[in-house]
Engineer: 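Before anything else, here's the structure in question.
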Amino acid sequence: MLSPNDDVKVMAKKSLQTSGIGKCKDCKDKSCAVSILKNQELDVLAQNSSELKIPKGEIVIREGELTTFVAYLKSGLVKEHLKGLNGKSQIIKLIKAKSYLGLSAGLSSKMSLYTYSALEDLNVCYIDLNILKKLMKDNGNFAYEILLSVSRENITNSFWFVNKNQKQIYGRCADAMLYFSKIIFEKNKFTLPITHFELAALIGTTRESVTRTLSKFKSDGILQINEKNITILNNKLLENISKNG
DNA sequence: CCATTAATTTAGT
DNA sequence: ACTAAATTAATGG
């Protein structure tokens, strides 16, 4: 939890200088954008990026830090959150593999606006932001792909927030369950990756309401719950609840 | 290194 | 807010 993220940064910087050439070329988890790069550009990327393992619970990028890096999530699940006015953590969303972390803020702000924490053990590539910017300026197709991903992120964020603000707890919980099953895990059976407390911070309610609503869903036969394992039994009803708030 | 216990976190009411 | 259960950390062998 209280990981001195500086260590990560120092390690990243160190290995930036020593990372070998050809790594990005051979990467099996390239982003759509990076797939577009030419061999020569991939070499540049490889020389200015570094893959790191981040254990569960550690922070990938902390809000308020200088944005010298962008992180590409190769594998694992991350939560994007920030501190609200009262100092309480507000979760923006979860992010799954093959996405960039800190991109939208990184391009325009000198400081990171969000904190990214590992919900699982991660493989992350730290990429020098200046190199990324240079690649974008030099290669229009690459820049276009990066813009696409920022745009998509923007759209899903907006819908998420609008829905959240216009729905009651039931609708929000239903949304969250559909979010996990459809977007994050892409199956109707999954293990809740966060605690009830965190789920509450994600959908803007209290831990108690989350617990209460989930057990209601369970007793109504919508969900099967044991421990953190959730199976969606009645997807249609769940979507109705989501739709009607 | 493993087992036991203490402390913290989480879920449910 | 309180309790029970579960997870994690600390201790001692």
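Sequence lines set the chain letters: A, B, ... in the order given, protein chains first and strands last, and positions in each chain run from 1.
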Engineer: Distance check needed: B/dG12 C1' versus A/Ile225 CD1, whole Å only.
Structural biologist: 12 Å

Engineer: Output the rounded distance in Å from CG (A/Asn226) to C1' (C/dA6).
Structural biologist: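 Atom CG in A/Asn226 sits about 15 Å away from atom C1' in C/dA6.
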
Engineer: Rounded to whole angstrom units, what separation is found between the CD1 atom of A/Ile194 and the P atom of B/dT10?
Structural biologist: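 The answer, rounded to whole Å, is 11 Å.
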
Engineer: Side chains of A/Thr115 and A/Glu63: is there a donor and an acceptor less than 3.5 Å apart?
Structural biologist: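 Side chains of A/Thr115 and A/Glu63: pair found under 3.5 Å.
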
Engineer: Measure the distance from NZ on A/Lys218 to P on B/dA11 and round it to the nearest whole Å.
Structural biologist: 13 Å

Engineer: So, does the side chain of A/Glu208 form a donor-acceptor pair with the base of C/dA1 at under 3.5 Å?
Structural biologist: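 It does, because a donor-acceptor pair links the side chain of A/Glu208 to the base of C/dA1 below 3.5 Å.
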
Engineer: What distance separates A/Leu202 CG from A/Leu94 CG, expressed to the nearest 0.5 Å?
Structural biologist: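 Taking CG in A/Leu202 and CG in A/Leu94, the distance rounds to 6.0 Å.
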
Engineer: To the nearest angstrom, how far is A/Lys228 atom NZ from C/dA6 atom P?
Structural biologist: 13 Å

Engineer: Please give, in whole Å, the distance from C/dT7 P to A/Leu192 CG?
Structural biologist: 14 Å

Engineer: Return the value, rounded to whole Å, for the distance between atom CG of A/Leu214 and atom C1' of B/dT13.
Structural biologist: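 It is 15 Å, rounded to the nearest whole Å.
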
Engineer: Reading DNA chain C from 5' onward, which residue's closest nucleotide shows up sooner: A/Arg207 or A/Glu227?
Structural biologist: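 Residue closer to the 5' terminus by nearest nucleotide: A/Arg207.
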
Engineer: Rounded to whole Å, how long is the line connecting atom CZ of A/Phe197 with atom P of C/dA1?
Structural biologist: 13 Å

Engineer: If only side-chain N and O atoms count, and only distance matters, is there a donor-acceptor pair under 3.5 Å linking A/Tyr114 with A/Glu80?
Structural biologist: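 There is no such pair between these side chains.
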
Engineer: Indicate, with a heavy-atom threshold strictly under 4.0 Å, whether A/Thr211 touches base, sugar-phosphate, or nothing.
Structural biologist: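 Base contact - A/Thr211 has a heavy atom under 4.0 Å of at least one base atom.
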
Engineer: Mind telling me whether A/Phe217 and A/Tyr170 have parallel, tilted or perpendicular rings, with 30° and 60° as the class edges?
Structural biologist: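 If you compare the ring of A/Tyr170 with that of A/Phe217, the planes turn out perpendicular.
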
